[in-house]
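In this text the structure is predicted, and so the values were computed from the model without any measurement. This chain uses plain numbering: 1 for the first residue, then up along the sequence.
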Amino acid sequence: MMQRWKCTIAYDGTNFAGYQIQPNKRTVQGELEHALATMHKGQFIRVFASGRTDAGVHAHGQVIHFDSPMTIPAAGWLKALNALLPDDIVVKEVEPVDSSFHARFSATSKEYRYKVRTAQEKDVFLRNYTFHFPYLLNYDAMKEALQFIVGTHDFTSFCSAKTEIEDKVRTIYEADFVISDSDLIFKFVGNGFLYNMVRILVGTMLDVGQGKIRPADIPAIINGKNRNLAGKTAPSHGLYLWKVYYDN
């Protein structure tokens with residue numbers, strides 16, 4: 001009998017080539033599957049995630065699942081996996097789930113956060129976790145612009161041209177930011193996100209904050225369905241997959 005296990009994990013993406021397994025590269029999935037193979041005496045156990053993250057992107061609440069014939073309680077899985085995994089991955093929660101659960105396909109929405117440091121001086125200890133952007137920003141203009149992002153839209157303009165996905169319609173439930181000292185933290189919650197979408201949204205909002213794009217231009221950028229209309233792609237190291245939701 002196989003039992004399906006759901007795990008909530010966090011990882012520091014700095015030294016990974018991304019989440020998804022890649023030949024001859026260090027990945028989060030590769031480390032997870034290596035740990036599980038050790039526990040299963042060499043037997044390969046496939047891990048499924050809510051979605052992939054790029055090189056340098058972090059996760060506060062990524063969700064994975066796997067099937068195992070081993071009869072271990074949740075607390076045992078938690079202890080064993082954390083003992084075997086490297087220091088830049090931690091399993092935060094383990095729970096048994098029905099075989100119908102799927103980390104990706106059962107998800108109803110995701111939350112991403114993006115951290116920007118606006119102070120003039122660089123912080124060497126935050127260089128891998130926050131995008132340093134020491135320029136004056138018009139926060140009111142950015143708040144106004146973000147209102148146009150909320151709702152159901154074709155986000156072609158906010159998607160990498162490299163994507164192969166044809167349907168670029170997504171629904172954003174929340175688009176906002178908070179200011180904490182010198183940190184500007186963006187928050188996006190939606191039913192799905194396209195490749196580089198959050199990073200392009202952040203880059204565009206920073207252009208709005210600098211007056212390079214007007215808030216009133218955002219609807220035209222969305223309707224234009226052209227990547228060249230939006231702002232630059234913000235760096236990967238400021239991005240966090242914060243939470244995956246499995247209900248409405």
Side-chain angles (χ1 to χ4, degrees), residues 10-19 53-62 88 110-150 153 155-163 170 172 174-190 193-222 224 226-243:
Y11 49 84
D12 176 347
T14 303
N15 295 317
F16 288 108
Y19 170 82
T53 52
D54 288 340
V57 176
H58 314 290
H60 178 270
Q62 170 73 284
D88 46 5
K110 292 181 181 178
E111 177 181 335
Y112 281 91
R113 296 190 186 183
Y114 193 98
K115 298 184 179 183
V116 179
R117 177 175 168 80
T118 59
Q120 288 298 308
E121 73 280 2
K122 292 183 178 180
D123 187 326
V124 67
F125 300 108
L126 296 177
R127 71 190 187 282
N128 294 323
Y129 309 105
T130 303
F131 175 34
H132 186 229
F133 196 80
Y135 307 104
L136 290 175
L137 294 169
N138 183 333
Y139 294 132
D140 290 338
M142 292 163 63
K143 289 275 187 182
E144 183 181 349
L146 282 169
Q147 294 178 12
F148 294 110
I149 299 300
V150 176
H153 309 288
F155 283 99
T156 297
S157 295
F158 298 94
C159 173
S160 169
K162 297 179 181 179
T163 187
R170 299 291 186 273
I172 299 300
E174 184 177 350
D176 202 354
F177 64 83
V178 296
I179 303 166
S180 176
D181 295 326
S182 297
D183 290 333
L184 176 64
I185 305 172
F186 288 92
K187 176 182 177 181
F188 297 93
V189 181
F193 293 86
L194 300 164
Y195 184 48
N196 282 353
M197 181 172 159
V198 175
R199 292 165 59 190
I200 296 170
L201 284 169
V202 170
T204 303
M205 292 305 122
L206 293 176
D207 277 352
V208 170
Q210 289 191 289
K212 297 177 181 179
I213 297 175
R214 298 178 304 164
D217 293 334
I218 299 299
I221 293 174
I222 294 173
N226 184 337
R227 171 66 188 92
N228 294 324
L229 297 175
K232 295 180 180 179
T233 305
S236 61
H237 62 269
L239 182 60
Y240 297 74
L241 172 54
W242 200 257
K243 188 173 182 179

Check: Please, which pairs that meet salt bridge (charged side-chain N to carboxylate O under 4.0 Å, His left out) have at least one residue in residues 133-144, sequence neighbours excluded?
Finding: Lys143-Asp176
Notebook entry, point to check: Between the main-chain N or O of Tyr129 and the side-chain N or O of Tyr240, is there a donor-acceptor pair closer than 3.5 Å?
Noted result: yes
Next item on the list: Could you check if a side-chain atom of Ile185 sits within less than 4.5 angstrom of a side-chain atom of Phe177, using non-hydrogen atoms only?
Entry: no
Note to self: To check you understand the geometry: which heavy-atom pair defines the closest contact between Ala141 and Pro215, and what is its length?
What the structure shows: O-CG, 3.4 Å
Checklist line | Considering all heavy atoms, the nearest Arg117-Thr130 contact | finding: N-CG2, 3.2 Å
Note to self: Quick one: does any side-chain atom of Ser236 pair with a main-chain N or O of Ala55 as donor and acceptor, under 3.5 Å?
What the structure shows: yes
Next item on the list: With sequence neighbours left out, write down each residue that passes side chain to side chain contact (heavy atoms under 4.5 Å, CB included) with Phe125, or none if nothing qualifies.
Entry: Asp123
Next item on the list: Taking all non-hydrogen atoms of both residues into account, name the closest pair between Val202 and Ala234 and its distance.
Entry: CG1-CB, 4.0 Å
Checklist line | Considering all heavy atoms, the nearest Arg170-Leu194 contact | finding: NH2-CD2, 3.3 Å
Check: Measuring from Ile218:CD1 to Ile213:CD1, what's the distance to the nearest 0.5 Å?
Finding: 5.5 Å
Next item on the list: Quick one: do Val178 and Arg113 satisfy side chain to side chain contact (heavy atoms under 4.5 Å, CB included)? Show the steps, please.
Entry: CA-CA 11 Å; Val178 296; Arg113 296 190 186 183; over 6 Å; no
Margin query: Using 0.5 Å steps for rounding, measure from the NE2 atom of His58 to the CH2 atom of Trp242.
Written below: 11.0 Å
Note to self: For a 4.5 angstrom cut-off between non-hydrogen side-chain atoms, does Phe193 reach Cys159?
What the structure shows: no
Checklist line | Separation of Asn196 CG from Asp54 CG (nearest 0.5 Å) | finding: 6.0 Å
Check: Side chains of Leu229 and Asp217: does their closest heavy-atom pair fall under 4.5 Å?
Finding: no
Checklist line | Stacked cation flag Lys162 on Tyr195, 6.0 angstrom / 45 deg | finding: no
Check: Taking only residues two or more places apart in sequence or in another chain, which ones pass ring-ring contact (aromatic ring centres under 6.0 Å, His included) with His237?
Finding: none
Next item on the list: Output all residues satisfying ring-ring contact (aromatic ring centres under 6.0 Å, His included) with Phe188, sequence neighbours left out; order by chain, then residue number.
Entry: none
Note to self: Does any part of the side chain of Thr163, heavy atoms only, come nearer than 4.5 Å to the side chain of Met197, both counted from C-beta?
What the structure shows: no
Checklist line | Test item: Tyr114 and Leu239 side chains (from C-beta on) under 4.5 Å apart, heavy atoms | finding: yes
Item checked: Any Asp88 side-chain heavy atom under 4.5 Å of Thr14 side chain -> no
Note to self: Just to verify, what does Phe131 make a ring-ring contact (aromatic ring centres under 6.0 Å, His included) with, not counting sequence neighbours?
What the structure shows: Phe133
Next item on the list: Kindly indicate whether the side chain of Glu174, heavy atoms from C-beta on, has any atom under 4.5 Å from the side chain of Lys187.
Entry: yes
Check: Partners of Phe148 by ring-ring contact (aromatic ring centres under 6.0 Å, His included), sequence neighbours excluded?
Finding: none
Next item on the list: Measure the CG-CZ distance between Leu201 and Arg199 for me, rounded to the nearest 0.5 Å.
Entry: 12.0 Å
Notebook entry, point to check: Rounded to the nearest 0.5 Å, how far apart are NZ of Lys110 and CG of Leu241?
Noted result: 6.0 Å
Next item on the list: Step by step, work out the side chain to side chain contact (heavy atoms under 4.5 Å, CB included) result for Leu137 and Gln210.
Entry: CA-CA 5 Å; Leu137 294 169; Gln210 289 191 289; 4.0 Å; yes
Check: Which heavy atom of Ile149 sits nearest a heavy atom of Phe158, and at what distance?
Finding: CD1-CZ, 4.3 Å
Check: How about Leu184 and Tyr139: do any of their side-chain heavy atoms sit closer than 4.5 Å?
Finding: yes
Note to self: Test your reading of the model: is there a side-chain donor-acceptor pair from Ser157 to the backbone of Ile221, 3.5 Å cut-off?
What the structure shows: yes
Notebook entry, point to check: Looking at OG1 of Thr118 and NE2 of His132, how far apart are the two atoms once the value is rounded to the nearest 0.5 Å?
Noted result: 8.0 Å
